[in-house]
Amino acid sequence: MAALVLGLELILVFLLTLLVLNEYGNWRTQHPIVTVAVFVAWYFSFLIIFIIPMDVSATLYQQCLNATVIPNITEEHFNISDPLLVNVSRAIQNVTAYEAKETEGLVPVVQECEPPWSYVDPHVLPTLWRVLYWTCQFLSWLLLPLMQSYALAGEFSVGGKLLASLKRNAIYYGTYLLVFGVLLIYVAAKPELHLSWSRLYTLIVTASNTWGLFLLILLLGHGLVDIPRGFWRASSLSFQLAYTQFKLAKVATEKAEADEELDDVLGEVKKAADYIDARHSLRPCLELIISKCPGEIREKLSEAPKTRPPSSTTATVPTQASLVMLHKRLISAIHRKFRTSSSWLALLEDGFELEDCIRNQPNGDRTFRPTFPVARGQLHSMICTPRIEWFWKCLARQWILKAVAVIIVIFAVMVVWSECTFFVVEPVLSLFAIFVTLAGYHREYFNVELASFFIIAFLSICTYRTVFKIRFFNYYHFAPRHQTDENSLIFGGTLLCRLTPPMCLNFLSLIHMDSHIIKTRTAETAFTRV
């Protein structure tokens, strides 16, 4: 049963990752290696939502098994006559958790420990966590940064792109190694500090988790505020329409700039095509650039001139370096044009939909009449009638969104309170620790996993949504409808991999199952043992 549950969770997360990746990426135009690497990074990051609750319930069960049985000692059993020993034996009776029967003998009362419904072999979760943890570390610190620089490179060969990627990352990681080397020399120079491989390993892992925790604080804090605010604002049709019109004007400006930038780049490509003839050594590089131009322009540029224009000078001679930069600019300009065009059309559809909702609200017959009717199937027309559509779009949806916003605000306040008080062990102030501990005390493992699932799911949604919503100019931007470029997909995968281990540690701290917070635990989670 437990293996079946674990298998279903793996399949469910697999399908969820496919849907999200298909919404933002385009596997038809992306490099297969990029698609696979990003999928693995996202898959492992989403998987913690389902694996960590199983780890928590299994740990509580292990703590039950590890409980020490203290026998009930009586004076009659050992025939103790010394008053001091009698007092000692009575003190032991006061602290023991077991009761002896009226009959003479040693009969402790032991509570039975039933395994959780999702309990798997004790070696499965540690192995799974090792794979998840070290794969995320390898992807976020080595593979994905190299692939990101590789995707941004404008070189024309695999070797050239790889060399440019290595040079770009050498500067980035060289700074980290310099700082780490200085700290390492400082620690080694201290005679009272004994540096060993185990301590060095702990230092590296701690540094990685600390950087992830700092990033988690920023992204989680933004998500805790932005998500309920977004639901509340979405309940106001007039506000949504005004906001959509504002974004539409902004995207229209970006679309015009993208068209102008693409025209400039295509003009430079045309100049290079006029100079580089069919016998030129750089003609293969230019042909690769031309192959990525729009169709109508590609046909004109493919006709190479037989001779070099006599008016050309050495100042305008294209070099391989200039073609590399031109290739890089062309890829960026084409993708920016497609992305802005897609966003502009999506905002137009949203604007028309909001205008229809506002216009149909005062309808006395409570029937929704769209401005631009869309052809629908027979089943959809039978289920979603104009009256039902009016009740949903003009009445019910606004109140439901407000109720959801209030619920999320309450949950966000609980998160903030628990984050501020999780280090207080006695009395327990963290609300999430109280919920999980209470359910675990009564051996209600299903409720433990359910509470853990909702907590870690809420933390993940708040954090991951910020990753998908933030934008760094034109360098990093997630756009739906398959309009996200390879660089943004890889950068997003890097962020998710760096956030996964710190988020697990933060969650375990909130429920008081982190060994660094609670020192009296008899068993650790499989994650903290990695």
Side-chain angles (χ1 to χ4, degrees), residues 2 6 9 44 47-69 97 111 113-137 196-210 212-213 216 418-419 421-426 428 430 432-453 455-456 459-460 499-530:
L6 181 60
E9 290 179 351
F44 283 0
L47 196 60
I48 67 167
I49 302 176
F50 298 89
I51 300 300
I52 198 73
M54 299 178 60
D55 194 3
V56 171
S57 63
T59 303
L60 292 176
Y61 171 66
Q62 189 63 38
Q63 291 175 3
C64 178
L65 295 179
N66 293 345
T68 305
V69 179
Q111 187 174 3
C113 300
E114 298 181 359
W117 66 286
S118 61
Y119 185 74
V120 294
D121 188 89
H123 301 286
V124 172
L125 288 180
T127 304
L128 184 59
W129 277 123
R130 290 189 186 96
V131 173
L132 287 173
Y133 181 82
W134 291 113
T135 303
C136 288
Q137 295 295 325
S196 61
W197 285 110
S198 60
R199 292 188 176 182
L200 182 62
Y201 166 81
T202 304
L203 179 63
I204 295 175
V205 173
T206 303
S208 177
N209 291 336
T210 302
L213 283 172
L216 177 65
S418 299
E419 291 282 3
T421 59
F422 71 84
F423 54 87
V424 180
V425 179
E426 186 64 34
V428 179
S430 174
F432 298 146
I434 294 174
F435 297 155
V436 175
T437 303
L438 187 62
Y441 177 78
H442 295 286
R443 305 293 183 259
E444 298 176 355
Y445 296 116
F446 179 80
N447 294 334
V448 168
E449 295 188 17
L450 190 63
S452 301
F453 172 79
I455 297 171
I456 189 65
L459 297 176
S460 301
L499 289 169
T500 299
M503 188 180 300
C504 293
L505 289 175
N506 182 66
F507 167 73
L508 294 176
S509 299
L510 293 180
I511 63 174
H512 286 188
M513 296 195 71
D514 185 5
S515 58
H516 299 89
I517 304 299
I518 303 299
K519 304 297 183 180
T520 59
R521 290 288 181 184
T522 59
E524 288 188 273
T525 59
F527 175 79
T528 55
R529 296 199 305 267
V530 174

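The distance from the CZ atom of F507 to the CD1 atom of I511 is 4.0 Å, given to the nearest 0.5 Å. The line from CD1 of I52 to OG of S452 is 8.0 Å long, rounded to the nearest 0.5 Å. Within the model, atoms OG of S509 and CZ of F422 stand 5.0 Å from one another, a figure rounded to the nearest 0.5 Å. Taking CH2 of W129 as the reference point, atom CZ of R529 lies at 12.0 Å (rounded to 0.5 Å). Rounded to the nearest 0.5 angstrom, T500 OG1 and L132 CG are separated by 8.5 Å. The CG atom of L499 sits 9.5 Å away from atom CG of L213, with the distance rounded to the nearest 0.5 Å.
At least one donor-acceptor pair under 3.5 Å links the side chain of D55 to the backbone N or O of F527. Between the side chain of T525 and the main chain of T59, no donor-acceptor pair closer than 3.5 Å is present. Side-chain N or O atoms of T437 include none that pairs as donor or acceptor with a backbone N or O of I434 at under 3.5 Å. A donor-acceptor distance shorter than 3.5 angstrom exists from the side chain of T127 to the backbone of H123, with no hydrogens or angles considered.
The two residues T135 and V131 make their nearest non-hydrogen contact at OG1-O, 2.5 Å. Between P122 and P126, the closest heavy-atom pair is O-CD, 3.0 Å. Residues I48 and S460 come closest through the heavy atom pair CD1-OG, 4.4 Å. Taking every heavy atom of both residues into account, I49 and I456 meet most closely at O-CG2, 3.7 Å.
Side-chain contact of S208 with Q137: a donor-acceptor pair under 3.5 Å is present, judged by distance alone.
Of the options E444, Q62, E449, a side-chain contact (heavy atoms from CB on, under 4.5 Å) to S57 is made by E449 and by none of the others. Partner of L505 under the side-chain contact (heavy atoms from CB on, under 4.5 Å) criterion, out of L216, L510, N209: N209 alone.
Ring pair Y119/Y61 is perpendicular by interplanar angle, where above 60° counts as perpendicular and below 30° as parallel.
Side-chain rings of Y445 and W117 stay apart, their centers remaining 6.0 Å or farther from each other.
The closest side-chain heavy-atom distance from L6 to I51 is below 4.5 Å. Residues L60 and C64 have side chains not in contact (no heavy-atom distance under 4.5 Å, counting atoms from C-beta outward). Annotation: side chain of M54 is in contact with side chain of E9 (closest heavy-atom distance under 4.5 Å).
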| message | With side-chain contact (heavy atoms from CB on, under 4.5 Å) as the criterion, how do M513 and T528 come out once you've worked through the C-alpha distance, each side chain's angles and the decisive distance to 0.1 Å? | response | CA-CA 9 Å; M513 296 195 71; T528 55; over 6 Å; no
| field | Criterion side-chain contact (heavy atoms from CB on, under 4.5 Å) on Y133 and V205, from CA distance to verdict | value | CA-CA 11 Å; Y133 181 82; V205 173; 3.1 Å; yes
